[in-house]
J.: 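I am attaching a structure below and will ask some questions about it afterwards.
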Protein chains: 2
Amino acid sequence: MMHEAGTATEQTRERLLNAAREEFSQHGFQGATVREICRRAETNVAAVNYHFGSKDGLLAEALNFAPLKAMQLANGKADEDPEVRLRLFIRDFMLMLLDETNGSLPCRIMARELADPTPALDKIVREAIAPLHEFLGKLLREIAGEKTGEAELRRCVHSILGQCLYYRHSHPVQQRLHPKLRYDHKEIAAVAKHIANFSLAGINFISKSAAK
Amino acid sequence: MMHEAGTATEQTRERLLNAAREEFSQHGFQGATVREICRRAETNVAAVNYHFGSKDGLLAEALNFAPLKAMQLANGKADEDPEVRLRLFIRDFMLMLLDETNGSLPCRIMARELADPTPALDKIVREAIAPLHEFLGKLLREIAGEKTGEAELRRCVHSILGQCLYYRHSHPVQQRLHPKLRYDHKEIAAVAKHIANFSLAGINFISKSAAK
DNA sequence: AAGAATATCAAACGCTTGTTTGAATGTAAA
DNA sequence: TTTACATTCAAACAAGCGTTTGATATTCTT
């Protein structure tokens, strides 16, 4: 029999996916355990293999980059000024990475597994990272102009992604250095504004150097 | 009997430390196994617990941030121009993170464990990350002037470290996106120059905004 | 209501992990 | 040489892992 929305089966699948996203984003693929995921989902240990075949399969299905893609799509239709669009992108991306209430767990998993390849890395690169680089590359091209070299432009993309991801990666450390720190909406907006200002100044300098 | 330099004992300890640095920097603390470390060091599995008490103890002793500290110390005595010193720092730091022949493995371990806390994180924060932030904070203060706020300055530190560490973190991904990529001395120097140019433009913009 | 397909569960399996053990070996002082 | 200590080693241990099993419960079709 096929699945239907709202059945107990679907509920278990969905609970497993949500629990898996939490665990994977908090502890990484290796660090997360099937048993803890099932405990969170209030189901049996065998459920993962029944519904997803394996821990790998669960990770693959837990990854959902639709919000990331939707954000890029909406950005393209927003303001015409590319600098404003870059500011919007950085803000939305930082919210996905840091916001406690509405953050995108798949994006956090992506951030985590940048450095730590798992069987799902190919899918992550194909569906999330490569499109992200392409999107940012085109956006920065609009800002930097045609004179800027391809390699230079790609490094600007790295500079922006590096800044954004650092706030996610270094969270455990920052909490030890500054225990009072909390990433509420106000703080995230301030951080995003800083990254945008810092980066736009950097890009404009690079493009000016290339124009000479 | 106490240890003496050059005895077989010392050699085993040293071989274990070197093997551990390789494994920890490549696979992280969780991913590295005591058995593989001992295989590399050509010794028995029990050697780790005999010489270091535990896998945790081995990691703690494998961390050696002397090169990182020496680099900061030498930087302070170098050129008087803080902008030049920032360029030097970024270049040296990128070499530690990326250079295949002379890179600092403890620095790579530090980079890896930023996001993935282990029992050694406290030591890493105390001995490496906190001093690094302090060093960069003072250096940027010289460049940005007194008008720039403390929070803004700290975000500039994050922007620089984020850019540098991204090249290490994203290495597995970059190799899939651009298989030809190799981080030889020339490429590292080019990356370091980009980060320095990009960041100095960013800092100067931030400090100019604060001066108004 | 009866039967077939689907889903859940407790229990166990096979494997790997970090760690411990106790004997064997090497080394230096008495 | 003898004694005491330091080091190495093969083997085993206990715990945790992802996965499998076979029985039980649930759900849908006829």
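This is a predicted model, so every value here is computed, not measured. These numbers come from the heavy atoms of this one structure, side chains and all, not from hydrogens, waters or symmetry mates. Chain letters run A, B, ... following the sequence lines, proteins first, then strands; residues in each count from 1.
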J.: How does DNA chain D read in dot-bracket, base by base from 5' to 3', with Watson-Crick or G-U pairs under 3.5 Å and | used when the partner is on another strand?
T.: ||||||||||||||||||||||||||||||

J.: Write down the distance between CZ (A:Phe52) and P (C:dT8), rounded to a whole number of angstrom.
T.: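 Atom-to-atom, A:Phe52 to C:dT8, this comes out as 11 Å.
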
J.: Find the distance A:His27:NE2 to D:dG16:C1' and express it as a whole number of Å.
T.: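 It works out to 15 Å between those atoms.
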
J.: Measure CD/B:Glu14 against P/D:dT7 and give the value in whole Å, please.
T.: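 Roughly 14 Å, once rounded to whole Å.
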
J.: In chain order, what residues pass the side-chain contact (heavy atoms from CB on, under 4.5 Å) check against B:Gln30, with sequence neighbours excluded?
T.: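 With neighbours one apart ignored, the set is B:Asp116.
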
J.: Can you tell me the distance, in whole Å, between the CG atom of A:Leu59 and the P atom of D:dG18?
T.: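 Distance check: A:Leu59 CG to D:dG18 P gives 13 Å.
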
J.: Does the side chain of A:Asn18 come under 3.5 Å of the side chain of A:Arg15 through a donor N or O and an acceptor N or O?
T.: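 A:Asn18 vs A:Arg15: no donor-acceptor pair found between side chains.
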
J.: What integer distance in Å separates B:Gln11:CD from C:dT27:P?
T.: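 After rounding, the gap between these two atoms is 11 Å.
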
J.: Let me check something: any side-chain donor-acceptor pairs from residues 55-68 of chain B under 3.5 Å, sequence neighbours excluded? List them with distances.
T.:
from    : atom 1 : to      : atom 2 : distance (Å)
B:Lys55 : NZ     : B:Phe29 : O      : 2.8
B:Lys55 : NZ     : B:Ala32 : O      : 2.9
B:Glu61 : OE1    : B:Arg13 : NH2    : 3.0
B:Asn64 : OD1    : B:Ala66 : N      : 3.1

J.: Given atom CD of A:Glu23 and atom C1' of D:dG18, what is their separation to the nearest angstrom?
T.: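 Answer to the nearest Å: 15 Å.
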
J.: Looking at residues at least two apart in the chain, or sitting in another chain, which of them share a salt bridge (charged side-chain N to carboxylate O under 4.0 Å, His left out) with B:Glu23?
T.: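 Only B:Arg40 meet the salt bridge (charged side-chain N to carboxylate O under 4.0 Å, His left out) criterion with B:Glu23.
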
J.: How are the rings of A:His133 and A:His158 set relative to one another: parallel (under 30°), tilted (30 to 60°) or perpendicular (over 60°)?
T.: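 The rings of A:His133 and A:His158 stand perpendicular, inter-plane angle above 60°.
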
J.: What is the ring orientation for B:Tyr183 with B:Tyr167, classed by angle as parallel under 30°, tilted 30 to 60°, or perpendicular over 60°?
T.: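 Rings of B:Tyr183 and B:Tyr167: perpendicular, as their planes differ by over 60°.
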
J.: OP1 or OP2 of D:dA6 versus the side-chain N and O atoms of B:His51: is any pair under 4.0 Å?
T.: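 For D:dA6, neither OP1 nor OP2 has a side-chain N or O of B:His51 closer than 4.0 Å.
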
J.: Do the side-chain N or O atoms of B:Thr12 get closer than 4.0 angstrom to the phosphate oxygens (OP1, OP2) of D:dT7?
T.: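 The answer is no; no side-chain N or O of B:Thr12 sits under 4.0 Å from OP1 or OP2.
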
J.: What is the distance from CD of A:Glu36 to C1' of D:dG16, rounded to the nearest Å?
T.: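 Atom CD in A:Glu36 sits about 13 Å away from atom C1' in D:dG16.
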
J.: Could you run down nucleotides 9-20 of chain C 5' to 3' and tag each one B, S or - for protein heavy-atom contact under 4.0 Å?
T.: BB-B----BBBB

J.: If the plane angle is over 60° it's perpendicular, under 30° parallel, otherwise tilted; pick one for A:Phe89 and A:Phe93.
T.: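 Plane angle under 30°, so parallel.
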
J.: Are A:Pro106 and A:Arg21 close enough that some pair of their side-chain heavy atoms sits under 4.5 Å apart?
T.: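 Result yes, sub-4.5 Å side-chain heavy-atom pair found.
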
J.: For A:Asp122, which residues count as a salt bridge (charged side-chain N to carboxylate O under 4.0 Å, His left out) partner, sequence neighbours excluded?
T.: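 A:Asp122 satisfies salt bridge (charged side-chain N to carboxylate O under 4.0 Å, His left out) with B:Arg176 only.
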
J.: Whole Å only: how far is the CG atom of B:Leu16 from the C1' atom of D:dC9?
T.: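 Interatomic distance, CG of B:Leu16 to C1' of D:dC9: 14 Å.
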
